[in-house]
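First the structure, in the form of C-alpha cells, and then the observations on it.
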Amino acid sequence: MRKNTVRTILGVLAAGALALPGIAATSAAGGDDARGGGHHRDCAAKFDEAQRIDMESFRDFDAEAWRDGHHEDAVSVFASGHRFAGIDAIMAAQKSHFENREAIWTWTEIDRHVYGCKTATIEYDATYELPSIGFKSRALTVVTYTFERGRWLSIYDQGTAFPAPAQ
C-alpha cells in the first residue's frame, strides 16, 4: 500500500514537472492569462476607442475630450518643425483651432501597431485646411500612445509635410 502511494505521488509530481514548462511558456508568450484570455482583446478595444476619440475630438473642436486623451508629458512636433512639450504647451499651440472652429481635419489610417497593453502607434495621411485663408497642409502623421492606469493616452505625435500638390 505504501509503495503504491509513493508511486502515485511521484507520478503526480512528474506530470506537474512536465506540464509546468508548457504553462510557463504560454504565459511568457502572452497567451491566455488568469483573467480568461480577454485582457489583450480588452486593451485592443480600448485602444480603438481612444484613438477614435483622439482624432474625432480634434476634428469636432472638443478641446476637453482631446486634452483628456493626452498624457500630461505629451510632445507634439508639427509638420512645420515646431515642437511643443507638455499638454499645456500643446493646448496653447492649438488654441486657435479650438476657438475658431473653422478648420477641416481629415485623415486616413495607413498603418498601426499595437504592442499588448503597453504602446501603440498609428500612421495617418492627414489634411488640415483653413478655407477662409486658402490654407491646406497635408502631412504624414504618426501618433504614439501609451497605456497607463487602464487608459490609452496619446504621448507623442509628429507630422512630416508632404510636398504641395501640383497646380
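A distance of 6.0 Å separates NZ in Lys136 from OG1 in Thr127, rounded to the nearest 0.5 Å. Taking OG of Ser137 as the start and CZ of Phe162 as the end, the distance is 10.0 Å to the nearest 0.5 Å. The CZ atom of Arg138 lies 12.5 Å from the OG1 atom of Thr160; values are rounded to the nearest 0.5 Å. For the atom pair OG (Ser154) and CD (Gln51), the distance works out to 10.5 Å, reported to the nearest 0.5 Å. How far CD1 of Ile110 is from CD1 of Ile122: 11.0 Å, rounded to the nearest 0.5 Å.
Ring to ring, Phe47 and Phe147 are not that close: their centroids are 6.0 angstrom or more apart. Ring pair Trp66/Phe98: centre-to-centre distance below 6.0 Å.
Listed by chain and residue number, nothing satisfies the salt bridge (Lys or Arg N to Asp or Glu O under 4.0 Å) test with Glu123 (two or more places apart in sequence, or in another chain). Considering only residues two or more places apart in sequence or on other chains, Thr108 meets the side-chain hydrogen bond (donor to acceptor under 3.5 Å, both in side chains) condition with none of them. Judged as a side-chain contact (heavy atoms from CB on, under 4.5 Å), and not counting sequence neighbours, the contacts of Ser96 are Asn100. Tyr128 is linked by a ring pair (Phe, Tyr, Trp, His ring centres under 6.0 Å) to His97, counting only residues two or more places apart in sequence or in another chain. With sequence neighbours excluded, the residues forming a side-chain contact (heavy atoms from CB on, under 4.5 Å) with Tyr115 are His113, Thr119, listed by chain and number. Every residue meeting the side-chain contact (heavy atoms from CB on, under 4.5 Å) condition with Asp157, not counting sequence neighbours, appears here in chain and number order: Ser76, Val143.
Side-chain contacts under 4.5 Å among hydrophobic residues (ILVMFWY), followed directly or transitively, place Ile53 with no other residue at all. When hydrophobic residues (I, L, V, M, F, W, Y) are linked wherever their side-chain heavy atoms come within less than 4.5 Å, the members clustered with Val75 are Val77, Ile155, Tyr156.
Looking at every heavy atom in both residues, Ser57 comes nearest to Ala65 through CB-CB, 3.9 Å. A pairwise comparison of heavy atoms in Thr141 and Ala126 identifies OG1-CB, 4.0 Å as the closest pair.
Leu130 has its side chain within reach of Glu102: a pair of non-hydrogen atoms, C-beta onward, lies under 4.5 Å apart.
Every pair passing salt bridge (charged side-chain N to carboxylate O under 4.0 Å, His left out) that includes a residue from residues 68-82 is listed here, sequence neighbours excluded: Asp68-Arg151. Contacts classified as salt bridge (charged side-chain N to carboxylate O under 4.0 Å, His left out) and involving residues 110-122 (residues at least two apart or in different chains) are given here: Asp48-Arg112, Glu109-Arg112. Identified under the salt bridge (charged side-chain N to carboxylate O under 4.0 Å, His left out) test for residues 56-65, with sequence neighbours left out: Arg52-Glu56. Every pair passing side chain to side chain donor-acceptor pair (under 3.5 Å) that includes a residue from residues 77-91 is listed here, sequence neighbours excluded: Arg67-Asp88, Ser80-His82.
Looking at Trp107, Tyr124, Trp105 one by one, the single match for ring pair (Phe, Tyr, Trp, His ring centres under 6.0 Å) with Phe58 turns out to be Trp105.
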Give the C-alpha distance, both sets of side-chain angles, the deciding distance and a yes or no for side chain to side chain contact (heavy atoms under 4.5 Å, CB included) between Asp54 and Tyr145.
-> CA-CA 10 Å; Asp54 183 23; Tyr145 297 83; 2.7 Å; yes
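In terms of hydrophobic clustering, with Ile, Leu, Val, Met, Phe, Trp and Tyr side chains grouped at heavy-atom distances under 4.5 Å, Val142 and Phe84 are assigned to different clusters.
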